[in-house]
> 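Before anything else, here's the structure in question.
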Number of protein chains: 2
Amino acid sequence: MAQEDGAGTDPWLTDEEQRTWRALVAVALRLPAALDRQLREEHGLTHVEYWVLALLSEADDDRLPLTALAAQANASLSRLSHVVTRLEERGWVTRERAQHDARVTYAVLTAQGRHTVEAAAPDHVAFVRALVFDPIDPDAVVPLGATLAAVARTIDGHAAG
Amino acid sequence: MAQEDGAGTDPWLTDEEQRTWRALVAVALRLPAALDRQLREEHGLTHVEYWVLALLSEADDDRLPLTALAAQANASLSRLSHVVTRLEERGWVTRERAQHDARVTYAVLTAQGRHTVEAAAPDHVAFVRALVFDPIDPDAVVPLGATLAAVARTIDGHAAG
DNA sequence: ACGTATTACGTGAAGCTTCAACTATCTTCC
DNA sequence: GGAAGATAGTTGAAGCTTCACGTAATACGT
């Protein structure tokens with residue numbers, strides 16, 4: 001592609017930005033695939049499924065409204081609904097309508113579901129550590145998180161706005 | 001999930017790592033979706049399709065072997081093969097067998113293909129800037145890239161090894 | 001030269017995600 | 001209290017990706 005360095009308002013990326021951008025895309029595309037592979041091979045779960053179960057296992061009373069779950073799992077509501085259906089079919093989650101508002105549906109973790117996440121968690125965490133935290137400088141962990149959080153917030157704003 | 005802080009070898013994440021991990025996953029899951037949406041709405045392209053066209057537009061003689069293209073596009077060879085088929089159907093890319101080794105197939109950018117990427121590039125770059133570089137400190141760009149590159153290399157190693 | 005392993009790519013089926021409705025239930029505000 | 005709009009969730013179809021397998025060509029060891 002022609003990188004015109006013409007009249008001022010040209011929004012092209014600098015070389016440094018270009019390099020950072022490529023690294024970010026590489027991670028954004030390969031990390032989910034790697035996580036899926038590990039969880040699938042070792043525990044028969046996709047990454048979203050694991051993440052949903054993990055969020056429920058940390059929630060009060062083992063339950064969360066689907067909308068809240070979707071936001072925390074970085075998924076669309078539609079996607080989450082399909083995921084919960086699959087988890088329901090495998091007996092790891094059930095749906096319950098809320099009393100105070102009949103529009104909201106809770107996804108509730110079952111005992112079997114809890115057993116599944118807790119079995120998968122140690123391997124998965126070890127994998128995450130090997131993939132992400134082992135190769136980077138410990139001093140880089142906090143800045144990395146802060147920078148990425150800013151990006152995540154911006155993406156969120158664009159999706160909402 | 002129970003976070004036992006038990007006997008030494010427990011591989012759980014620290015709170016800081018946990019936060020960074022969540023931010024990384026949030027970006028890794030939302031960024032591709034956001035890029036897809038922008039390119040789809042404004043130019044009828046998926047992110048992979050754009051990326052492939054962009055890589056070809058920068059390559060010598062507008063062509064790359066499918067394997068090289070897959071690696072640079074962070075895609076599996078199978079996925080890339082499907083993508084190239086779709087691009088071929090739209091007249092943006094053609095396939096050519098290599099003379100020196102009949103196993104390799106080049107993906108070659110057509111004039112129409114070049115026109116398509118060049119039309120999409122400015123909008124896309126502006127979007128990337130808005131999403132990633134505007135919200136972060138300019139001084140954070142290089143460290144971010146370095147850290148992510150280390151992670152990308154590690155993921156790559158796991159995929160290969 | 002010849003069998004074996006490796007590399008490059010293609011393909012169809014299965015599975016997952018997105019998209020575009022659509023239903024049902026509150027909330028607001030005259 | 002009733003209409004209009006907002007909110008929560010569901011669903012089926014279409015599209016994309018992964019997976020598993022298959023084919024063809026080349027490199028390697030003896």
Side-chain angles (χ1 to χ4, degrees), chain A residues 28-42 44-52 63-90 93-108 159-160, chain B residues 28-42 44-52 63-90 93-108 159-160:
Chain A
L29 295 184
R30 290 181 185 189
L31 186 58
L35 298 175
D36 271 340
R37 206 171 321 133
Q38 183 265 327
L39 283 166
R40 214 125 156 46
E41 285 176 2
E42 298 179 17
L45 283 166
T46 64
H47 181 239
V48 198
E49 288 168 354
Y50 170 83
W51 199 259
V52 165
R63 73 190 56 212
L64 279 173
L66 294 201
T67 295
L69 200 47
Q72 291 182 50
N74 305 294
S76 69
L77 182 56
S78 172
R79 177 181 182 178
L80 188 83
S81 180
H82 287 298
V83 170
V84 168
T85 299
R86 294 199 296 271
L87 293 174
E88 224 176 351
E89 286 167 355
R90 288 192 265 181
V93 159
T94 59
R95 284 182 219 246
E96 279 184 31
R97 289 184 88 76
Q99 287 81 358
H100 66 286
D101 187 339
R103 288 172 304 182
V104 346
T105 304
Y106 286 108
V108 187
Chain B
L29 295 184
R30 292 181 185 189
L31 186 57
L35 299 174
D36 271 339
R37 206 170 323 133
Q38 183 265 326
L39 282 166
R40 213 123 157 45
E41 285 175 3
E42 300 178 16
L45 283 167
T46 65
H47 182 238
V48 199
E49 288 168 354
Y50 171 84
W51 199 260
V52 165
R63 71 191 56 212
L64 280 174
L66 293 200
T67 296
L69 200 46
Q72 292 182 49
N74 304 295
S76 68
L77 182 56
S78 173
R79 177 180 182 179
L80 188 83
S81 181
H82 286 298
V83 170
V84 168
T85 299
R86 294 199 296 272
L87 293 174
E88 225 175 348
E89 286 166 355
R90 288 193 264 179
V93 159
T94 59
R95 284 183 217 247
E96 280 183 31
R97 291 183 86 76
Q99 288 81 358
H100 66 287
D101 185 340
R103 289 173 303 181
V104 345
T105 303
Y106 285 108
V108 187

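Order of the sequence lines fixes the chain letters, A, B, ..., with proteins taken first and strands second; residue numbering starts at 1 for each chain.
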> Tell me the interatomic distance from A/Glu96, atom CD, to D/dG9, atom C1', rounded to whole angstroms.
16 Å

> Has A/Ser76 got a side-chain N or O lying under 4.0 Å from the OP1 or OP2 atom of C/dT18?
yes

> Would you mind reading off the distance between B/His82 atom NE2 and D/dA14 atom P, rounded to a whole angstrom?
19 Å

> Within this structure, what is the CZ-to-P distance between A/Arg86 and C/dG15, rounded to whole angstrom?
11 Å

> Does the side chain of B/Ser81 get closer than 4.0 angstrom to OP1 or OP2 of C/dC9 through an N or O atom?
no

> Any side-chain heavy-atom pair from A/Leu80 and A/Val52 closer than 4.5 angstrom?
yes

> If each of A/Thr105 and B/Ala75 is mapped to the nucleotide of DNA chain D with the nearest heavy atom, which maps nearer the 5' terminus, i.e. the 5' end?
A/Thr105

> Taking atom C1' of C/dT7 as reference, at what distance in whole Å does atom CZ of B/Arg97 sit?
13 Å

> Can you measure A/Arg103 atom CZ to D/dT10 atom C1' for me and round it to whole angstrom units?
15 Å

> Indicate the ring-plane relationship of B/Trp51 and B/His47, choosing parallel, tilted or perpendicular according to the 30° and 60° boundaries.
tilted

> Which part of the nucleic acid does B/Thr85 contact within heavy-atom distance under 4.0 Å: base, sugar-phosphate only, or nothing?
nothing

> Please determine if a side-chain N or O atom of A/Arg95 lies less than 4.0 Å away from the OP1 or OP2 oxygen of D/dT10.
yes

> Could you state the CD-P distance from A/Glu49 to C/dT17, rounded to the nearest angstrom?
8 Å

> Relative to the 5' end of DNA chain C, which residue comes earlier, A/Val48 or B/Leu66, by the nucleotide with the nearest heavy atom?
B/Leu66

> Over all heavy atoms of both residues, which pair between A/Leu66 and A/Ala107 is shortest? Give the atoms and the distance, please.
CD2-CB, 3.7 Å

> Assign B/Asp36 to base, sugar-phosphate, or nothing according to its heavy-atom contacts below 4.0 angstrom with the strands shown.
nothing

> Using atom CG of A/Leu45 as one end and atom P of C/dC16 as the other, report the distance to the nearest whole Å.
11 Å

> Taking CZ from B/Arg37 and C1' from C/dT17, how many angstroms apart are they, rounded to a whole number?
13 Å

> From C-beta outward on A/Ala102, which listed nucleotide comes closest to its side chain: D/dA8, C/dT17, C/dC26?
C/dC26

> For C/dT18, does either OP1 or OP2 sit under 4.0 Å from a side-chain N or O belonging to A/Ser78?
no

> Hey, is CZ on B/Arg40 packed in by over 12 heavy atoms from elsewhere, all under 6.0 Å?
no

> Whether B/Arg79 contacts D/dT17 is assessed here as follows: a side-chain N or O lying under 4.0 Å from the phosphate OP1 or OP2. Is that the case?
yes

> Between A/Asp101 and A/Val83, which has a closest nucleotide on DNA chain C that is more 5'?
A/Val83

> side-chain contact (heavy atoms from CB on, under 4.5 Å) between A/Leu64 and A/Gln72: does it pass, once the steps are laid out?
CA-CA 10 Å; A/Leu64 279 173; A/Gln72 291 182 50; 4.1 Å; yes

